[in-house]
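Here's the structure we're looking at; comments come further down.
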Amino acid sequence: MKTVEIKPDIHWVGAVDWAVRDFHGYVTPKGTTYNNYLILDDEVTLVDTVKYDFKRVTVENIMSLVDPSKIKNIVINHIEPDHGSGLARIVALAPDATIYITSKGQKGMERHFDTTGWNFKNVKTGDTLKTGKYTLTFLETPMLHWPDSMMTYIEKAKLLISQDAFGQHLATTERFDDEYMERASHAELDHAVLEYYANILMPFGALIKSKIAEVQKLGLDIDMIAPDHGIIWRKEAGNIIEKYLDLATGKAELGVSIIYDTMWQSTELMTLPLMQGIKDEGVHCKVIKLRATPMSGAITDFWKYRGCLIGSPTLNNILYPSVAEYLTHLRGLRPKNRIMGAFGSYGWGGGAVRDAYEEFKKMKLEMVEPGIQVLYKPSNEDEEKCYDFGREFAKKVVEYHKKF
Ligand code: FEO
């Protein structure tokens, strides 16, 4: 795509990845973008690079505006390979450029590349770089979401270049939120933000809240937020900060996700009366079969709703493998403020429901115990019990939801 001037003399020079569907295991049905920004000031400055597969794209974009050898400064907000792995190509074209990066970022770069001769300058929060009419201020955001992470604020442009934060995995021809919402919808964009947050940023809620408070305390005047993935926030820059605060505090919809897998449909049959019981209590319910849903989609639906029922058959006295994998992944995301229950079928010893509750305990989540299990296939009586458990669980979800 052609470059786009997002602020006077500040240009998007990134790449749209229409094809990526597996982003280190995270399914990206709508692709993504790798955004980076070129400032054509007295000192030509590039903020961030792109994934190595797209280095030619960003170099051509830069060349359409300026001779890359004129780049005097390169800012690296984040070294993860989807942003940092294009740097070697840029340095080859602008070998005298100074690379502004956190000290942890430099150490990470040195592990990835032969950085001999690269001109690093370590920066920390509050350090500035004057490029001419613009002054860039750096803001470290360690563990949001890597130790090296930082953001770059450009006061005169009221622009925050926020690296991964506030991003979305969307490949689009639009570069701005208002353009995207005009063609697609606000709801689609909201879902993309939720999915990105749930799968990448869920573990960092407390850090996000304190970092946003720090930014608000600094009184930075921001009217545009430009992340390194997806569309740029120019209409809803204020709203996306508020939305992140909501996500960071674990805000959820009043509803229940039933997330399950099944061997011979017995556990699957249990989802029907459970769902009906939840619905009959006036609570929204969504049913998600794990082997029919990408892991990232099932994580998003978990995070969207206040309550979650996990369903698993017992296999060899423990959880079914796909459910065990899901719960392990979920535990790594350190979820908070959700209420859980479990159900499943078994043939003889049982064990899956017990193991699911053990996982919930490790996650320190609220629980409705002891869940429900059926022998082989649910009988009519079992289905009634499932229905009753669905109603009981929904009532507990409503009660718990009032706390937030
Ligand atoms: Fe988009 Fe943490 O990389």
Side-chain angles (χ1 to χ4, degrees), residues 12-37 46-55 57-58 74-90 99-113 138-152 160-172 175 189 192-205 207-208 211-212 225-233 240 244 247-248 294-296 299-300 329 332-334:
W12 176 86
V13 290
V16 181
D17 187 346
W18 297 95
V20 66
R21 293 292 179 271
D22 181 343
F23 195 98
H24 59 52
Y26 167 13
V27 173
T28 47
K30 294 186 175 171
T32 194
T33 60
Y34 311 106
N35 298 333
N36 59 339
Y37 304 93
L46 180 69
V47 182
D48 295 325
T49 68
V50 297
K51 190 178 175 186
Y52 57 90
D53 313 47
F54 292 87
K55 57 184 185 287
V57 176
T58 198
I74 303 167
V75 175
I76 295 294
N77 283 316
H78 180 31
I79 65 163
E80 193 167 4
D82 51 323
H83 309 292
S85 59
L87 178 59
R89 178 69 186 136
I90 302 294
I99 300 164
Y100 292 79
I101 192 168
T102 61
S103 60
K104 286 191 171 136
Q106 178 180 344
K107 287 187 182 86
M109 276 294 174
E110 287 166 351
R111 298 292 298 182
H112 283 87
F113 302 103
F138 305 112
L139 179 67
E140 290 171 280
T141 57
M143 292 320 297
L144 287 177
H145 66 127
W146 275 27
D148 59 277
S149 301
M150 69 171 187
M151 298 183 186
T152 298
L160 180 69
I161 299 177
S162 61
Q163 48 101 5
D164 278 334
F166 310 112
Q168 338 84 47
H169 284 308
L170 288 174
T172 68
R175 292 277 61 79
L189 190 51
V193 169
L194 178 73
E195 185 155 53
Y196 185 96
Y197 185 95
N199 283 278
I200 299 171
L201 296 170
M202 194 196 297
F204 309 114
L207 273 173
I208 288 167
K211 192 49 71 175
I212 289 177
I225 296 178
D228 279 1
H229 295 290
I231 58 86
I232 295 163
W233 303 96
I240 189 63
Y244 258 55
L247 290 165
M295 175 79 80
S296 41
I299 292 292
T300 307
H329 187 64
L333 290 168
R334 303 200 292 276

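Start at 1 and go down the list; that is how both ligands and their atoms are numbered. Values below: all heavy atoms of this structure, side chains included; hydrogens, waters and symmetry mates excluded.
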| request: Using atom types as modelled and distance alone, determine if a side-chain donor or acceptor of Asp48 lies under 3.5 Å from a backbone N or O of Asn77. | output: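 Yes, because the side chain of Asp48 sits within donor-acceptor range (under 3.5 Å) of the backbone of Asn77.
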
| query | Between the side chain of Tyr34 and the main-chain N/O of Asp17, is any donor-acceptor distance below 3.5 Å? | reply |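 Not a single qualifying donor-acceptor pair exists.
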
| task | Could you tell me which residues satisfy salt bridge (charged side-chain N to carboxylate O under 4.0 Å, His left out) with Lys55, sequence neighbours excluded, listed by chain and number? | result |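 Testing Lys55 for salt bridge (charged side-chain N to carboxylate O under 4.0 Å, His left out), a comparison that skips the adjacent residues, returns none.
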
| query | What residues, two or more places apart in sequence or in another chain, satisfy salt bridge (charged side-chain N to carboxylate O under 4.0 Å, His left out) together with Lys30? | reply |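 Here the qualifying residues are Glu188.
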
| said: With a 6.0 Å cut-off (strictly less than), is the heavy-atom count around CZ of Phe23, excluding the residue itself, greater than 12? | reply: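 Correct, the count exceeds 12.
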
| query | Which residues satisfy the side-chain hydrogen bond (donor to acceptor under 3.5 Å, both in side chains) test with Lys211, sequence neighbours excluded? | reply |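 Only Glu214 meet the side-chain hydrogen bond (donor to acceptor under 3.5 Å, both in side chains) criterion with Lys211.
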
| said: Below the 2.8 Å mark, what number of protein N, O or S atoms do you get around atom 1 (Fe) of ligand 1? | reply: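 For atom 1 (Fe) of ligand 1, the figure is 4.
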
